[in-house]
Structures are given as structure tokens and as C-alpha cells.
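Read the structure below first, then the notes.
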Number of protein chains: 2
Amino acid sequence: MAKKSNATIADVARLAGVSTATAGRVLGRYGYSKEETRAQVMEAAKKLGYRTNALARSLITGKTRTIGVVAGDIQNPFYASILRGIADVVESHDFGLLIVNSDENLQKEIGAVNLLLEKQVDGLIVSPCDTRNAQHLRDLHADGLPLVLLDRTVSGLDVDRVTVDNITAAERGVQALIAASHHRIGFVGELLEDLEGGLDGFVKRGLEGDVLSTDTLYPSWQRLLGYLRAHRRAGLPVDCSLICRVGAYSAKAAEKVVGEFINKPDRPTALFSNDGTMSEGVIRAVSAAGLTVPDQLSLVCFDDLDWMDFLSPGISTVAQPRSAMGESAATMLLERINGSEVAARPVMMPAEFIERGSIAICQ
Amino acid sequence: MAKKSNATIADVARLAGVSTATAGRVLGRYGYSKEETRAQVMEAAKKLGYRTNALARSLITGKTRTIGVVAGDIQNPFYASILRGIADVVESHDFGLLIVNSDENLQKEIGAVNLLLEKQVDGLIVSPCDTRNAQHLRDLHADGLPLVLLDRTVSGLDVDRVTVDNITAAERGVQALIAASHHRIGFVGELLEDLEGGLDGFVKRGLEGDVLSTDTLYPSWQRLLGYLRAHRRAGLPVDCSLICRVGAYSAKAAEKVVGEFINKPDRPTALFSNDGTMSEGVIRAVSAAGLTVPDQLSLVCFDDLDWMDFLSPGISTVAQPRSAMGESAATMLLERINGSEVAARPVMMPAEFIERGSIAICQ
DNA sequence: CTGAAAGCGCTTACAG
DNA sequence: CTGAAAGCGCTTACAG
């Protein structure tokens, strides 16, 4: 049995000797049906290899049981883990998962959202590449489409979101370095976006007190804030020349910039690398410079990538709960899809500092 | 403008003062339409924030411009890179990408395929978890659905596929070790499946000459074949006790088994680790045993993971062309979807041996 | 509990 | 070049 999966409800109904309405009721598991009728229809369906056409059903019900995700790059371990978390909850609810990469490019993001909307997804999880320029996302929400923001937020868009408490997390990592008597701690981050007042202005404000509305700041800037706060609370001055602004989100770029950075005579005694991809570049640069970790240079990274554990020495790092982030985002989205109308939930997850062997006491 | 994306073609047609057929023609870019009419319709569409409902279109055309992928685990760097390759070609053709994890579990795979079929994907890329028990995949092909197999093949299913030339690749890696005078080379692989004749029988056959029909063998067994072939061609005997069968696809499991393996008095002088995940376990075990690579133990891995390059010493490895594998699979699938009826293409991609610092001359 | 009819939002012949 | 009508494969009221 079961061949040619192009049988329709009409075919099944005909073979079973019932109306399409009845056949539809038993095959779609809605409405009433007599035990006997059900058996007949099921048998006919089996004989014909009937398979529901979700398209037709969705056209009527207005629900596709499919959600869309716009991620920066599914190949990046950060997103890969988050996606796994999303996929786990989505799959357990028998939903489909449509995934598109944005490469952190606004035009691609807009195109991706459009594609997903045309396919009528029931909801969207987006890691927005631009926190201000995001009218397409605001429109989505205004149209009532369930939407969850991931990793970043968007100004003027009050929807469910899951982010990491980057400030506290970075502060914790830098504190560990300060506790080991380091006073010249380099900060390595992409710090891509241009902020008003520039880097110097930002540092000045960050040192004067906690910056308000840090929500829509990009993660690397938030982490810089944590770096500043750790210094401020320890009563330590900040040397702006120790802030290494890579200016691109790539391990190669980080390697190059950090290479020059640590080859200067007044190089830092420790480095705080603000991201997994940056960290790869840092490790390469440090190794190329022939510096030993932690003896000649202490190191704390961000995001616990597989290799940080077995690299020798183990890399102390701030671990983001990646899978849990994905699970949380997906769970909230499904709740919205199921009609929840609670106020927007700004889920900010804590990151855990993992102490390993990359910090030495500064002499 | 552009709000409420629930306007239909009928709404646009009404506002533009034309028939739905005409509105459909201009919005769907098919059939003829006068320049003037087109302008009117476009303006009405813009005013209403019209967006195509791909569901309705697909129901008629029978095409969804969406493909499905069943991967083992999207979080695994092997699959993550392949998926990126797939996504790149799919996105460039304006197709959607539906992804499901199988966790290498047959029941989940069957469920995944079913979900994707109900959503009417135009084609499927599957890394089958079972090379024999795969009637659901054979049925797919019999039904005429475009299907491409990834990484593994299925016996009795002659469709497009992209695999790696595992035998040659592994042979090349082991050769490098033999060339450095190693005679006691351990092989670490999951070797999950039970083959007739067991491991011993397999080794015996592998040493007698090239095993026929290696196609449907699982990758780790193919790689073992490469290990055997390298020995045979070098005139070296094979000690079965050096073949470390992990029996599970997990770094943890590999770490445990390899830990015991290399703590024995007659431990190998070199290790060939047959997979990225196994390699993680191997590195942890080696490091826990306090052995120095390559001085006390030489090492060659499989699949070039990020860390293999910057781990010190660099890990010599056999690199699989992951992104290219995904691109190739997706390209072939789209060709089939576009009607290509050439004979099934068994694409077997070469893996490149990357020499770094993990091999020392055996004293 | 079942069936006839309408309709979801499009595209496709078919006339004109 | 345009429109009226039918139809893709389902589900949804509405009668009975």
C-alpha cells in the first residue's frame, strides 16, 4: 500500500463512500465521526497513501505551524546553539522551522523577513542587525505578528526578547582579572557601530556612572560598559588606548588588530575578549606573538566555545546560555502564537563565569 | 504607507478598478498587462500594503519554492557548515529552507520527512541515519520527489548524493603517520553499526584487498578501511587491539574510551581520530593523560574544526569541504526541481590533508 | 453524526 | 491586453 502521495481528501472520500466533509473530519481530527466511518476513511486513506496537504489547510485556518528565524550566520557556534534550542522546542510542538541568514546585513534581513512573511509563518524570531533602523520589524509588530527579538533589541519596539546580561557578565570577567592584580587590561571587541560622542565620549560617560537606557546598545558596547564598570568599582582608571576596537566581526580582523595591539612595548598584562569569534583571533595573535598564557598574558573570553575547555591552559570565560536562549525565545513565540497577550517580556539571561587556567596573578 | 499586510489580490483589484485576474497578472508578474494598468495596480498594492500569499500560489502551482533538510544535529560544526552552504545557494534562488534535526534517530528522521512532505517542500536533502532501513526515502524517490543524500548513502536508492571520499582521505592521513615511522597507530572511531563478521571479520576482509561496494558503508567504517589500506600498502600488519571502537557518537564517550586506551602500557605511538567530535574527546583524553603532542603521541584528526589550527601544536588533519558539500547538494537539488532528469549523480568529494604540527618522527 | 455548499487567496485556461 | 469562471485541497458553518 501507500504509494503516490498525491491522493486528496476527495479521493479518499470517494473510496470510502463518504462526503469530503466527513473524510476531512476524520483525517483532520476535527468534528464528530462514527467509529465505523472513521475506520472506513482511515483504511481508504492508507490504501491511497493519503497525506495531508498543509498548504490547503493553512490557507483556510490562517495558521501554518511554521515559524521563521532570521539569524546572523547559522554556521557561527553562537547561532548554531541558539538554533538548536529553538529547533528543540519547535519540533516538540510539531512546528516547522524556516531559517535564513542575514549576515548582519540590513537589506538581507529585510529580504529574509519578507520571504518568511510571504510563506505565512505564524511568528518570527529575529536577531536584528540594526537596533535603530528597523521599521520593517516595527511594522511586523504593528500588524500583530508574533515576534521575538534575539540577542539584540530594537529601539521603540516593545516585544518579547531574550538577551544576555552583557554588562554584568563582562564586569564579572574583568573583575576576575582585576582580582588577580591586573591594572592594564586590554578590551577586545568589534565595537562596530558609531555611537554619538565616539569611543572616548562613551568611555567618559560610562565611567561617570551607569549609562541609562543600555537596552538598545549593541552587545559589544554593553560589554565594554561592563569593563568600565569593573574598573570604576575597583577605583581603577581606564586607559582608552587599551580598548581595542576591531571594527569588523571576523576572527581574521581581530587577529590582525590584536596582533599589533599586543606587540607594542606598553602592552596590557591581560586581555578581555568580548566574543567567541574575536577570541579565536585573539588566540591566534597571542600564539603568533609567542606569548604564553597565562604567564606572559592573562586572558578571559566571552561565550564558552568547545575548544576553550581543552585548549591548554583552559580558557576562563563568560559562558552564554545559548541553547536556553533559543529555547526561551521559541517558547515565548509559541505562547504568543497560541494567543497569549501578556505584556512584552524582556528576558535577560545571566551568563556564568567559568574559571579555568588562563588567569595568572600579575606581578 | 504599507500597513496591515492582509490585503488580498481582490482588494487590490477593487481599488485599482481592474479584475482580480489582471491584478494577479501584474502582481504575480505573469501574463500580459498594459504599462498603465500595471502602474495603477502597483499603486493600489502599495497603498494597501499588499503582500503575496505564497500558500495560495503554491496550492495552484504545485511548487512552494521551499526545500527541506534533515540533518543529524544543526549544532554540530560539520552540519552547521554544510547547512550554511545549502542556505547560500537556496537563498540566492529565493527559496525557503526548512530544517529539522534527526539526532541520527530513524523514528525522528521519518517524522521529520513527513512534516516536510506535508508542508509540500519541492525537494529534500537528507543525511540518512540508516543506510539500509530507509524505505521512507525509497518511497520518496519512487513518488518522484527530488531528493539528495548527504554524507551517507542508502542501499538500493540511486539518487543524487554528495559524500566524501573517506577511504582515500583516511588513507592519506594514516600514510602521513606511517611516513613518520609510526607502526603502532591507534584508530579512533565511533564504528556504531554492527557489521556482519564483526570488527575482526571486517579488518580481515579489508586487509585482503579492497572491499567491494563500500558505498553504503558508514563513514567511520569507510575511514577504517582507509586506515587498513594504508597499512596494507605499506606492508604493515594491523593490530586489531589498536582499533578503538567508541560505540557512541559523542565527545564524552570518546574521551572515556580513548582515556583507557592510551593509558595501557602498550599504547600506540600515534592516533588517527576519524571525526571532529571524536577528536574533541581525544584531545581531552590525551591532555588528561598528560601526554604531549606530538612528542609523546602523534595525532592526525579528521574534519578541520576551527580550533585545530590554533591549538598548539597545530593539529594535522583531513579537511572535509563542508560548505562545498552543502552547496553541491543544494545545487543538484535545485536542478532536479527545475526538471533535470540526468542520471543520478554520485558526487564524491575529495578531502584535503592539512599538515600542521601534530606529527613527530617515531623513534 | 453526516453532507452540500461556500470559500481561503491565488493562477489558469478560455473568450473577447 | 483584460475579465468571468473554474479550481488548487482543504475547513467551516449550516442544515438535516
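To find a chain, count down the sequence lines: A is the first, B the second, and so on, and within it residues start at 1.
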R65(A) and R57(A), any side-chain heavy atoms less than 4.5 Å apart: no
Distance, rounded to the nearest Å, where D11(B) contributes CG and dG9(C) contributes C1': 10 Å
Phosphate OP1/OP2 of dT11(D) contacted by Y30(A) side-chain N/O (<4.0 Å): yes
Rounded distance (Å) that lies between atom C1' of dT11(D) and atom CZ of R25(A): 10 Å
Side chain of T37(B) (C-beta onward), nearest among dC1(D), dT11(C), dG9(D): dC1(D)
Intra- and interstrand pairs of DNA chain D - dot-bracket, Watson-Crick/G-U under 3.5 Å, | marks other strand: |||.||||||||.|||
Heavy-atom donor-acceptor pair, Y32(A) side chain to R25(A) backbone, under 3.5 Å: no
T131(B) (side chain) donor-acceptor with T216(B) (main chain) under 3.5 angstrom: yes
Phosphate contact (dG3(D) OP1 or OP2) by T22(B) side-chain N/O below 4.0 Å: yes
Base of dG9(D) paired with side chain of R51(A) (donor-acceptor, under 3.5 Å): no
Partners passing side-chain contact (heavy atoms from CB on, under 4.5 Å) against A329(A) (at least two apart in sequence or in another chain): I125(A), V148(A), L150(A), V162(A)
Nearest-nucleotide pick for I60(A), side chain only, options being dG3(C), dC8(C), dC10(C): dC8(C)
Between CD1 on residue I74(B) and CD1 on residue I99(A), distance to nearest 0.5 Å: 5.0 Å
Distance, rounded to the nearest Å, where Y32(A) contributes OH and dT12(D) contributes C1': 15 Å
Integer-rounded Å distance: dG3(D) P and K34(B) NZ: 9 Å
Modelled atom types, side-chain donor and acceptor of K119(B) and T66(A), under 3.5 Å: yes
Length of the CG-C1' vector between N53(A) and dG7(D), whole Å: 14 Å
Interatomic distance where CG belongs to L59(A) and C1' belongs to dT11(C) [whole Å]: 13 Å
Minimum-distance nucleotide (side-chain atoms of R57(B) versus dT11(D), dC10(C), dG3(D)): dC10(C)
A21(B) side chain, from C-beta outward: closest of dT12(D), dT11(D), dG3(D): dG3(D)
Y30(A), OH: over 12 other non-hydrogen atoms inside 6.0 angstrom: yes
Euclidean distance, atom NZ of residue K119(A) to atom C1' of dC10(C) [Å, nearest integer]: 14 Å
N/O (side chain, T8(A)) to phosphate O (OP1/OP2, dG9(D)) under 4.0 Å: no
Length of the NZ-P vector between K63(B) and dC8(D), whole Å: 16 Å
